[in-house]
Amino acid sequence: MPDKSYKQIVVLSGKGGTGKTTISAAFTGLIKSKVIIDCDVDAANLHLLLKPERITSHDYYGGKKASIDKTRCDECGLCESVCSFDAINNFDVDPISCEGCGFCFRICPLNAISFNQVKTGSYYECLLEDGTKFYFAKLSPGEGNSGKLVTEIKKNALDNLPGDLKWVIVDGPPGIGCPVNASISSADIVVIVTEPTLSGIHDLKRLVELIGKFNLKSGIIINKYDLNQDVTSQIYSFSEECNIPVIGKIRFSKKFTNAIIEGKSIIETDENIRNEFINIWEQISMWGK
Amino acid sequence: MNSFNSTKEISIPGKIAVTSTGGSMDSLVSEQFGRCQYFLFIVPETMKFEAVSNLGEQMQNGAGPKAAELIIKYGADVLLTGHVGDRAEEVLKRGGVKIVDGYNGTVKVKDAVNIYLSNKSKEQ
Amino acid sequence: MVITVASGKGGTGKTTVAASMADVLNDCVYMDGDVEEPNGHILLNPEIKLTEKVFKTLPSIDFGKCDFCGKCIEVCEFNALINLKSEIILFEEMCHSCGACIYFCPQKAISEVPKEIGVLRYGTAKDNITFFDGILRIGEPSAVPLLKRLKSKIENGKITIIDSPPGTSCSMVEAVKDSDYCVLVTESTPFGLNDLKLAVDVLKIIGIPFGIIINKYQPEFRQLEEYITANGFDLLLKIPFEREIAEAYSKGILPVTYKPELRNHFKKLMTEISGKIKPEKVNAG
C-alpha cells in the first residue's frame, strides 16, 4: 500500500439533521494538522461555523446539456419523442430535467441541437483562521449530479495536501446515494452520527449496509442519546450485531443549537461536551495508528 | 527460499501498463487510475514503451471502467498503479489484466517497472 | 390540489409537518417522496395493502447479432457500456435508461429489459388517509424514475400532500415540480436559514408558490424572520423548540395528536393554504 502520512475520516449520518456538521466542526476545533472538506454539497453548512476566507474558486462543469437552435429547428418533434426525461417541450430543452444523454443531439436530422458542457456549480478553496485549508462547494439551484462534484472537490483537496499532514476530515452528504459513495472513496475511517429516533435507527441500518461494502474502520456517535433511552439501547444492540462500536454519546441540549446560532463550535461553549469529544477523538486517533 | 530447486519458470509479462503523470519513463507514477494523465505501455524484454494520453481525465463519469477498457485494448497483461476503483477492477479482471496496486506517486515509472520485475523474479 | 412539503436541509421536521398536515386533513392522500430515507410510515403507521415493483429499463445485447462495431459505446454519454473485446458489459448503476444505444445499434442487437429499482407501497393510515410511499433500492443512483411512478398515482379531487426528498437536487425538483403549492420547512439556526435560501431559489426558478414554516423556533435567532419579512414571503407557522416534541418524535408520535393547540394551528394552516391556491390556479390559466 502507498505510504501516506495522513488518515482520512468521513463523517456520515444517513438521516439529515442529526448534528453531523456540528460534530465535524467540533473535531475541527480539537485537532491540529488537518485539512477539512465539506462534501455535503447539496446543502453546504460547515462554512457557516468555520467562517473561512475564500482563496480561490473553481467553476464546476457537471455535464453536458442539450440546447435547441430555434433558427435551424423545423419542429419535427423527433427530439421530444425520444427524450426519456420529459425534458423537451415545445422545442425547448428544460435544463433542469435534461440528464445529458445526447440522444436528441444525435438524432436531430437538421443538426439543430447543440450539446455542450455547462457550469452547474462552484467550489472554493479557503483558509481558516489557524491556517487550515478548508474546501466547500455550492451547486446551482436544482442541480443534481453531486457525486461527481464530491469526487472533484476531494481530488482538488487531496492533490494539494501539505506534506506531513495528519488528518483529512470529510463532512459527508446525508442519505445513502451516489454522493455518499463518492465521499467514502479513499477514506480510512467512517464516523456515523445517529440519533435515538425511530427514523434515526432506520436510516442508520441502511447506511451500515452501504458501508459494509467498503472495508473501513467505523464507529457510531449517538447524538441526543437521552431523548429516548429505549431506542438508544436498540442502537447499542445493533452496534454489537454489526460490530461497529459506539464511540460516544452526546446529551440533548439547547446549548448545541445556541452554539450554532452564535456561530460557535460546541466545544467552545461547554466543558462537558468538550470532554466527551476529547474522549471520542482519543478512540478515533487510536485507529489512525 | 532455495532457487536451485525451483521448477517453476519465471513468467515475464508481455506488456506492462503503468499509470503516469507524464509521457516518459522518467515521469512519476500516478496514484490515480481512471483519472491519470498518461498510460505507459512497456515491453519488459526491450524496455521499449508507448505513451497514451488518458481521455478519462476529463470524463464526467465512468472514467475508471473506460480506462480499464483502454488497458485491455492495448493488450497489457499487468497494470501498475496506486488505486483502482471497484468498477474498473471488475473490467480489468474480466479482461485478464493482473492489478498490482499500492504504488505511490513518488516513484518514477521506470523504477516502478524494475521494482515489479525484481519482486517477480524473487517470488519464483 | 397538490401540496409538497420540502426543506433545503434534512432534519428540519419536514416529515413531521407533512404527516401532521395529512393527520388534520384526514380525508386526503399522503405520499412519501423521500424515497432514499422514507420515514412517513413511522409517523402515520399505515396499514399497507399493496406493494408494486418499479422498474427502469436496461439494454441487453444479443451477442449472436452483435458485431462489436462499438456504436453503442460511442453514443453512451454515461460510460455505462465497456468493450472487453469478446463481450460488451453494462454497468447497470451507471445507465440512465436513455435508450440511445438501442436506437443507434446498426445490427438491432440491443433490446430493453426491466430492472427493479424499488417498490411503491399503498395503504391507509389513521381513518381516511390514503398512504403511498416509495422505497429506493440501496445503490440506485437516481430517485427520479421512482418519484415519477409515485406521482402518477395522484388523483384529482383529493388534496395530495407530498413529502419531498430533502436538499435541492434533481429528486427534490422532481417531487416539487407540478405542485400547486410548496411548504418549506426550516429551523431557527444559520444552517436552516442558509438552506432555506437555496430551496427558495429552486422554487423561484420552477415557479411554484410557497410559504414557510419555522420548526424548532427560537426567537433569539432573528436573522431568519428578518429574511422572510424583508423578502415579503409568507410565514405560515412557528413551531416552538421543545424537548417534549423531540421526545415524542423519537417514539414516532406526531405532536398534533396530543397538542390540541398545535392541531388547531395546523387546521387553520390548511384552510389558509387552500385559500392561497385557488386564485393562483386561475391566474395560471
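Below, each value reflects all heavy atoms present in this structure, side chains not excepted, and no hydrogens, waters or symmetry copies. Letters A, B, ... are given to chains in the order of the sequence lines, protein chains preceding strands, and every chain is numbered from 1. Just so it is clear, the model here is predicted, and its values are computed rather than measured.
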* Structure fact -> By residue number, those in residues 43-53 of chain B with heavy atoms under 4.5 Å from heavy atoms of chain C are none
For the [atom1] atom on [X], are there more than 12 heavy atoms of other groups (residues, nucleotides or ligands in this structure) within a distance under 6.0 Å?
| X | atom1 | result |
| --- | --- | --- |
| Lys85(C) | NZ | yes |
| Lys53(C) | NZ | no |
| Phe68(C) | CZ | yes |
| Phe210(C) | CZ | yes |

* Structure fact -> Here the gap from Asn83(C) atom CG to Leu70(B) atom CG, rounded to the nearest 0.5 Å, amounts to 11.5 Å
* For Arg87(B) and Glu93(C), work out which heavy atoms get closest and say how close. => NE-OE2, 2.8 Å
* Residue pair Ile73(C) / Lys66(B), side-chain heavy-atom distance below 4.5 Å -> yes
* Which answer fits Ile89(C), side chain, backbone, both or neither, if we ask what part of it has an atom under 4.5 Å from a heavy atom of chain B? -> side chain
